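This is a predicted model, so every value here is computed, not measured. Every chain is numbered from 1, with letters handed out A, B, ... down the list of sequences. These numbers come from the heavy atoms of this one structure, side chains and all, not from hydrogens, waters or symmetry mates.
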There are 2 protein chains.
Amino acid sequence: MDVLQLPVSDEPVDDVAGPRHGATVNFIVERLRDAIVSGRLKLGARLVEGELTAEFRVSRGPVREALRRLAADGLIELVPHRGAIVRRLTRREIAELFQIRLELESLAARLAAADGDAARRRRFAADIAPIFEDRPRRVADYLCENAKFHEAVYALGNNEQLKVLAGRLQLPLIMAQVGNILTSDVLDLSVTEHRTIAAAILEGDPERAHAAMRTHLSRAAEMADAERGAEDC
Amino acid sequence: MDVLQLPVSDEPVDDVAGPRHGATVNFIVERLRDAIVSGRLKLGARLVEGELTAEFRVSRGPVREALRRLAADGLIELVPHRGAIVRRLTRREIAELFQIRLELESLAARLAAADGDAARRRRFAADIAPIFEDRPRRVADYLCENAKFHEAVYALGNNEQLKVLAGRLQLPLIMAQVGNILTSDVLDLSVTEHRTIAAAILEGDPERAHAAMRTHLSRAAEMADAERGAEDC
DNA sequence: CTACGAGGATTGTAGGACAATATCAGAGCC
DNA sequence: GGCTCTGATATTGTCCTACAATCCTCGTAG
């Protein structure tokens, strides 16, 4: 189980462990999160404290803390006296999360369009510039672009609480689990919708931004559900 | 600092500590949460691991874990090498949280009104019965009734993710910090609005329930903001 | 074949130790 | 007097070891 190792680690072994004092837990969380959303840790894989302490060369304290944090984010599930397992979202959970995301993100879009701060608007325009480029996109490219776009909307929306709450919606995990539906057609459509939303925000039309975001996410939710329905449950 | 002790504890001292194996952390979390929302722990009060271990007769492990959990819920703030302090929400944070709550809870109201499960509807009707009673309400009564009402809406809404997310919105904390605006007039108005919402849900009118909930929370948000504006910032 | 018990695996908690870091009081300097 | 620097103190961050509690598995007896 070396899926957790950094790409290159020929350095002395103790370099693999946490960086500075006070950052050990963060280090472990990030590594595990990355391993999960990237799929290196498969769904249902067990995470045992003992193995992780050996893997990261740290004591059980930080490991336990890291696991609790991942569990709070919903990436793993803690089973008492059994260990933690990488969580698989059920079809229903995905539907529910999309329903929530629909509300939160359309709110963010409306707030973003209504925001008057010039600096933030410039920042937004710069951040989302990539979506207007006409270039072929691979799935990985799109996922990255997509994450940045939605994040930029939240940032311009300027509601800090909303931003942190959205971060807890496990979007990366969802994407990882339904990512295989992203054909080139779907991808183009998504990019087009992003542009529509962005245009409404940049023109300062809150209601149009709100509606466009709802449309975008409704469609995404339906696709995810259809895909998930085909494959299980 | 005996604000954490249970009301009555004449029993042998070791009864104060955690109940059964595996519930220690929960025990500490609940006690601290209660102490915070009830106001026994004042805003800005320090929570030091060492004191808590002595207070609860447990080791640092569970205490640390409990603190992390409370911090994740936003009730306290962890300051590195300084300890944790009971968090005071800023005026802005409260406004932002209400904005989010407005969306989530009006979604819940719509879902609740649209839900067709007979058993859940019966359960809902039973749970909210108290709001239709015509009796004088003290603030504490209302707070309890209010919490139960909104919880019942979420339950009928039948979106599990939405329910857990709403639980992270620190409503009790907000209530504790703006609770002093609850005059008898305000209280009556809130009860009336609750009835309006409940009626729409019971009649199965999603849009009316949605709108009524928005009205209710918009008003509440304005009042909270006005109060907070007077007192600080 | 099933019930049951023994043992292993794993987490939950305890307690002690030391390192790292933030805070604070006081000494010394300007 | 006010300022800076330094040491002492407080507190968390991490590690270690040990044991208790619990769940799981597997072999055995009926």
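For A:His81, the side-chain atoms get nearest to D:dC23 when compared with the rest of D:dT12, D:dC23, D:dC15. Listed nucleotides D:dT22, D:dT11, D:dT14 differ in distance to B:His21; the shortest reach to its side chain belongs to D:dT22.
Rounded to an integer number of Å, the gap from CG of B:Leu47 to C1' of D:dT12 is 14 Å. Summarising the geometry, the separation between CZ on A:Phe56 and P on D:dC15 is reported as 12 Å, rounded to the nearest angstrom. For the pair A:Glu65 CD and D:dT14 C1', the computed distance is 10 Å after rounding to whole Å. Note: CD1 (A:Ile28) to P (D:dG13) measures 14 Å, nearest angstrom. The distance between atom CG of A:Leu52 and atom P of D:dC15, rounded to the nearest whole Å, is 13 Å. One can place CG of B:Leu67 at 11 Å from C1' of D:dT12, the figure rounded to the nearest angstrom.
Between A:Asp115 and A:Arg120, at least one side-chain N (NZ, or NE/NH1/NH2) sits under 4.0 Å from a carboxylate O, which counts as a salt bridge. A salt bridge links A:Arg110 with B:Glu103; the closest basic N to acidic carboxylate O contact falls under 4.0 Å.
Within 6.0 Å of atom CZ in B:Arg138, 12 or fewer heavy atoms from other residues, nucleotides or ligands are found, so the atom counts as exposed in its surroundings.
The residue B:Gly61 sits apart from the nucleic acid: no heavy atom pair falls under 4.0 Å. Counting any heavy atom pair closer than 4.0 Å across all strands shown, A:Val79 reaches no nucleic acid atom.
At distances below 3.5 Å, not a single donor-acceptor pair connects side-chain atoms of A:Glu51 with backbone N or O atoms of A:Val48. Side-chain N or O atoms of B:Asp73 include none that pairs as donor or acceptor with a backbone N or O of B:Leu75 at under 3.5 Å.
With 3.5 Å as the limit, one finds no donor-acceptor pair spanning the side chains of B:Asn146 and B:Arg137. Looking at A:Arg40 and A:Ser38, their side chains do bring a donor and an acceptor atom within 3.5 Å of each other.
On a pure distance criterion of 3.5 Å, no polar donor-acceptor pair joins the side chain of A:Arg60 and the base of D:dT17.
Bounding nucleotides for the chain A contact on DNA chain C, 5' to 3', at a heavy-atom distance below 4.0 Å, are C:dT10 to C:dA20.
Each of A:Arg82 and A:Pro62 has a nearest nucleotide on DNA chain D; the 5'-most of these lies closest to A:Pro62.
The shortest distance between the side-chain N/O atoms of A:Thr24 and the OP1/OP2 oxygens of D:dT14 is below 4.0 Å.
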